[in-house]
Amino acid sequence: MKILKYFAIALFAMTMVACGDDEPNSTYTRDFNMIYPVLPAGHKFISKIEQTSDKASIVATADYDGDHLKKIKVVTKYEDGTKNEENIHFDYTNGAIICDRSIQDITYAIEVNSMGAITRLKNVISGGTSAALQYNYDNELELAQLSNSSMASTTKVAWQGGNLMQWENYGTNMKDSVVYEYGDGAPLNKGGIDVVGNDSFAFTKFVCAIMRNAGFFGVTSAYLPTVIKKDRNYSEDGMTVDLKRYNITYELDGEGYVKSYTTNEVPKYTVKITYK
């Protein structure tokens, strides 16, 4: 166990080799009054998300203390046979998220709003704000601003009738956008899962997905989209023509909760979801 590993971590959350599954011995302390997210009736907590292909896979598992997210572990296996592991621990007493990563261990101190959604992630070592998040009156995330020593970016999010319609991320020499459509048969998001291709900030995509399911980034989309539009098409003169359309299909259990979803992106992939 690295002695200094947890000197740098503190709170909570928004896709890396870990030191182990032991509880972190973080030295970070402060007075903090945690407000836990309030989740709708029928909500289910995610215990596993897995995406696999012939030669690669990502598996994220979540542990809970009752109804409170305690730990997320992500194991990524690459096509060349190498493997990375990432562990995220939630310290509600001190309002911190402790990140055990192969690249860099980080502790984030957090702040939350009156509905338990994270409004700020502060890097304990640098003292700087790594992420500032803003929500509307319905607790829908509308703006996320991220920064570190090398870059800064902003994500704007649009909602309509409780459904996530679009997010757009931009920063220095970068711009990305995703649009969603809800066609006939769009399933009700009973389990409160994250939508396909949602923006990942501060954390990797399945860490963000589990944190969103736990309510830490505000409410999730009321329904699940049937189309995701992304990957810009450009004309010969370099002007943007449109976004490519990809269909999303869902497998539901007998109660209407999503067991898996599949997109026809290239390469096509399926993500399986298990609830606790």
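None of these values were measured; they are calculated from a predicted model.
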Should the pair [X]-[Y] be classified as a salt bridge under the 4.0 Å nitrogen-to-oxygen rule?
X      : Y      : result
Lys44  : Glu255 : yes
Glu251 : Lys259 : yes
Lys122 : Glu111 : no
Glu265 : Lys244 : no
Lys71  : Glu86  : no
Arg212 : Asp194 : yes

Is there a donor-acceptor contact under 3.5 Å from the side chain of [X] to the main chain of [Y]?
X      : Y      : result
Ser221 : Leu224 : no
Trp167 : Glu142 : no
Asn136 : Asp138 : yes
Arg120 : Leu133 : no
Asp253 : Tyr257 : yes
Asn189 : Gly192 : yes
Asn198 : Ala209 : no
Thr52  : Ser57  : no

Roughly how far apart are [X] [atom1] and [Y] [atom2], rounded to 0.5 Å?
X      : Y      : atom1 : atom2 : result
Asn113 : Ile35  : CG    : CD1   : 7.5 Å
Lys205 : Ser200 : NZ    : OG    : 7.5 Å
Asn169 : Lys156 : CG    : NZ    : 11.5 Å
Ile248 : Tyr182 : CD1   : OH    : 8.5 Å
Leu121 : Cys99  : CG    : SG    : 8.5 Å
Asp91  : Met34  : CG    : CE    : 10.5 Å

Report whether [X] and [Y] are members of the same hydrophobic cluster (ILVMFWY, side-chain heavy atoms less than 4.5 Å apart, transitive linking).
X      : Y      : value
Leu252 : Val196 : yes
Val157 : Tyr170 : no
Val38  : Tyr135 : no
Tyr250 : Tyr223 : yes
Val227 : Tyr261 : no

Exercise for review: Test side-chain contact (heavy atoms from CB on, under 4.5 Å) on Ile88 and Asp100 and set out the steps.
Suggested key: CA-CA 6 Å; Ile88 310 295; Asp100 175 6; over 6 Å; no

Practice item. Assess whether side-chain contact (heavy atoms from CB on, under 4.5 Å) is satisfied between Arg245 and Lys230, documenting all intermediate values. Key: CA-CA 7 Å; Arg245 295 170 55 90; Lys230 55 184 293 189; over 6 Å; no

I'd like to check [X] versus [Y] (side-chain heavy atoms, cut-off strictly below 4.5 Å). Are they in contact?
X      : Y      : result
Ile72  : Asn87  : no
Ser177 : Gln166 : yes
Asn247 : Thr226 : no
Thr262 : Tyr269 : no
Ile106 : Asn123 : yes
Phe206 : Val271 : yes
Met165 : Trp159 : no
Thr154 : Leu143 : yes

Point to revise | Check: Tyr92 ring centre within less than 6.0 Å of Tyr36 ring centre | key: yes

Review point. Quick one: are the ring centres of Tyr275 and Phe45 less than 6.0 Å apart?
Key: no

Heavy-atom closest contact ([X] atom, [Y] atom, distance):
X      : Y      : answer
Leu69  : Ala214 : CD2-CB, 4.2 Å
Pro37  : Gly116 : CG-O, 3.6 Å
Gly191 : Asn213 : O-ND2, 3.0 Å
Ile210 : Ala60  : CD1-CB, 4.0 Å
Phe32  : Gly95  : CD2-CA, 3.3 Å
Gly218 : Ala117 : N-CB, 3.6 Å

Check your understanding: Are Asp31 and Asn94 close enough, and set up right, to give a side-chain hydrogen bond (donor to acceptor under 3.5 Å, both in side chains), and what steps lead you there?
Key -> CA-CA 6 Å; Asp31 291 330; Asn94 298 298; over 6 Å; no

Exercise for review: For Thr61, check side-chain contact (heavy atoms from CB on, under 4.5 Å) against everything at least two apart and list the hits.
Suggested key: Lys48, Val59, Lys73

**Study point:** Within 6.0 angstrom of Lys190 NZ, more than 12 heavy atoms from elsewhere
**Key:** yes

Review point. Does atom CG of Asp80 have more than 12 heavy-atom neighbours, drawn from other residues, nucleotides or ligands, at distances under 6.0 Å?
Key: yes

Review point. Checking Lys229 against Tyr180: charged group under 6.0 Å from the ring centre and within 45 degrees of the axis?
Key: no

Exercise for review: Take Val75 and Lys83, measure what side-chain contact (heavy atoms from CB on, under 4.5 Å) needs, and give me the verdict at the end.
Suggested key: CA-CA 7 Å; Val75 178; Lys83 182 177 75 172; 3.6 Å; yes

Point to revise | Donor-acceptor pair between Gln134 and Thr119 side chains, under 3.5 angstrom | key: no

Point to revise | Thr155 versus Asp199, side-chain donor and acceptor atoms under 3.5 Å | key: yes

